[in-house]
Amino acid sequence: MAASARLVVLAYYYCLLLLTMASAGDVFDHGRHGTSLAQVQEAKTSRCSPASVAGPPKPLLIAAPCDAGEYPVVVFFHGYLANNYFYSQLLQHVASHGFIVIGPQLYTLSGPDTTGEINSAAAVIDWLADGLSSSLPPNVRPNLTAVSISGHSRGGKVAFALALGHAKTSLPLAALIAVDPVDGTGLGKQTPPPILTYKETSLHVPAPIMVIGTGLGEVPRNVLCPPCAPLGVSHAAFYDECAAPACHLVARDYGHTDMMDDVTSGAKGLATRAVCKSGESRAPMRRFVGGAMVAFLKKWVEGRPEWLDGIRERPEVAPVVLSAVEFRDEYLAKD
């Protein structure tokens, strides 16, 4: 009887392990919602005609669930000189799991100073309360009690800048996700305004933080092209300075632009492959980034930790090899 009882207990825990692995892996696949993808043009202004409240301050790409309901909102800022539609597949992945994801086009061309795009990002967030609902599918409603912000490369720097108060926004912050963030061209060469302080856990953000990194981002593509995410101003430096709660996941065999769409057109699109060192295929990295974002948002926005906990306990469920899986828990930081 005792032996059979032990077998029952072992079987129970084995089933729990399988469920944890399955639930963690689910986020890396397309979710249960069909999605819509819409471009919204920015409001036109003139001296005689102020901007309409219905039009956003910047062009937007909006991925949303097609099913009726109320969904949390995530704003995703594109990387340096990239187009927002280079991330359409990533945005739709996140949206398929029950989030409204907004990708503003902050600029077409830009110099080293990010102040202008930080202010533009804040203006987009301030527009959401009055203008977003009219740009969504029928019966799809945004939950704007708080907003999550995310960004890739220089867009990750913009997200950190907003969270740190470099520009004021009208909505509370729910979560911050930085995808291979970059703060300049190299150690000691930060672009204004600098975010990194080079002091451990010095970045106190009023929300939990996820930093996603790439193993190849710090590697130059060739002798003519410097690294796209240089050591000392990229993901590891950002995570080192994040106060708890924070986590850090690094895809070992993938590069700085590998979470973008399979096809990125035009001269800028060609540059995403020609300038940065890349992995073999973009699809696994895109699934990983999308799934990690979903798992993090589900824990910190929806109060459902099982997906992120599953990745933490079983990193092998990710579709890529992870060279770093780090968590800085709030309760540990207080000890």
Side-chain angles (χ1 to χ4, degrees), residues 27 70-77 91 94-95 97-104 114 117-119 121-129 132 142-181 183 193 195-197 199-213 235 237-249 289-309 311-312 326-334:
V27 294
E70 184 177 85
Y71 302 97
V73 174
V74 185
V75 182
F76 184 91
F77 306 119
L91 270 55
V94 177
H97 287 271
F99 298 91
I100 297 168
V101 192
I102 300 160
T114 58
E117 60 222 67
I118 293 167
N119 291 332
V124 168
I125 292 173
D126 288 346
W127 169 85
L128 297 176
L132 178 58
N143 182 337
L144 291 171
T145 53
V147 64
S148 299
I149 56 176
S150 56
H152 167 232
S153 188
R154 180 156 145 163
K157 172 185 173 116
V158 170
F160 264 98
L162 284 180
L164 291 167
H166 285 255
K168 301 299 181 184
T169 59
S170 58
L171 294 175
L173 181 61
L176 166 61
I177 302 172
V179 181
D180 223 19
D183 194 25
I195 301 301
L196 296 171
T197 67
K199 297 177 183 177
E200 286 190 4
T201 64
S202 59
L203 300 180
H204 293 272
V205 168
I209 307 168
M210 168 177 272
V211 178
I212 297 173
H235 63 92
F238 273 91
Y239 178 69
D240 285 345
E241 297 190 21
C242 288
C247 65
H248 183 212
L249 306 177
V289 172
M293 290 177 66
V294 168
F296 189 75
L297 292 167
K298 282 188 175 292
K299 174 171 182 174
W300 291 108
V301 176
E302 297 185 344
R304 302 169 65 190
E306 56 266 32
W307 288 274
L308 189 62
D309 290 349
I311 296 170
R312 181 177 188 171
E326 301 178 278
F327 284 76
R328 184 171 294 133
D329 295 316
E330 193 167 17
Y331 70 89
L332 291 176
K334 290 179 179 178

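Side chains are part of it too, since the values below use all heavy atoms of this structure and drop only hydrogens, waters and symmetry mates. Please read all numbers here as calculations on a predicted model, not as lab measurements. For this chain, numbers begin at 1 and follow the sequence in order.
Here OG of Ser148 is found 7.0 Å from CG of Leu173. Values are rounded to the nearest 0.5 Å. The CG atom of Leu91 sits 9.5 Å away from the CD1 atom of Ile102 when rounded to the nearest 0.5 Å. Note that NZ of Lys298 and CE of Met293 are 13.0 Å apart. Values are rounded to the nearest 0.5 Å. Once rounded to the nearest 0.5 Å, the distance linking CD1 of Ile177 with CG of Leu297 reads 4.0 Å. Summarising the geometry, atom CZ belonging to Phe76 is positioned 7.0 Å from atom NE2 belonging to His152; distances are rounded to the nearest 0.5 Å. In this structure, the separation between NZ on Lys299 and CZ on Arg304 is 14.0 Å, given to the nearest 0.5 Å.
Under the side-chain contact (heavy atoms from CB on, under 4.5 Å) criterion, Ala295 pairs with Val27, Trp307, Leu308, Ile311, sequence neighbours left out. Residues meeting the side-chain contact (heavy atoms from CB on, under 4.5 Å) test with Ala167, sequence neighbours left out: Ile118, Asn119, Ala122, Leu162. Every residue meeting the side-chain contact (heavy atoms from CB on, under 4.5 Å) condition with Ala146, not counting sequence neighbours, appears here in chain and number order: Pro172, Ala174. Applying the side chain to side chain donor-acceptor pair (under 3.5 Å) test to Ser150 and every residue at least two apart in sequence or in another chain returns nothing. For Ser170, the side chain to side chain donor-acceptor pair (under 3.5 Å) test picks out Asp126, with sequence neighbours left out. Qualifying side-chain contact (heavy atoms from CB on, under 4.5 Å) partners for Glu70, counting only residues two or more places apart in sequence or in other chains: Arg141, Asn143. Partners of Glu326 by salt bridge (charged side-chain N to carboxylate O under 4.0 Å, His left out), not counting sequence neighbours: none found. Qualifying side chain to side chain donor-acceptor pair (under 3.5 Å) partners for His97, counting only residues two or more places apart in sequence or in other chains: none. Here His248 pairs with His235, Tyr239 under the ring pair (Phe, Tyr, Trp, His ring centres under 6.0 Å) rule; sequence neighbours left out.
Taking every heavy atom of both residues into account, Ala95 and Val101 meet most closely at N-CG2, 3.9 Å. Across all non-hydrogen atoms, the minimal contact from Leu203 to Ile195 is CD2-O, 3.6 Å. Shortest non-hydrogen contact noted between Ala175 and Phe296 is CB-CE2, 3.9 Å. Scanning all heavy atoms of the two residues, the minimum distance from Ala129 to Leu144 falls at CA-CD1, 3.7 Å. What you find for Ala243 and Ile209 is that their closest heavy atoms are O-CD1, 4.4 Å. Contact detail for Ala159 and Ile149: the closest heavy-atom pair is O-CD1, 3.2 Å.
Judged purely by atom type and a 3.5 angstrom limit, Arg328 uses its side chain to pair as donor or acceptor with the backbone of Cys242.
Between Trp300 and Pro245, some side-chain heavy-atom pair lies under the 4.5 Å cut-off.
Each salt bridge (charged side-chain N to carboxylate O under 4.0 Å, His left out) pair with one or both residues in residues 149-161, not counting sequence neighbours, appears once here: Glu117-Arg154, Lys157-Asp183.
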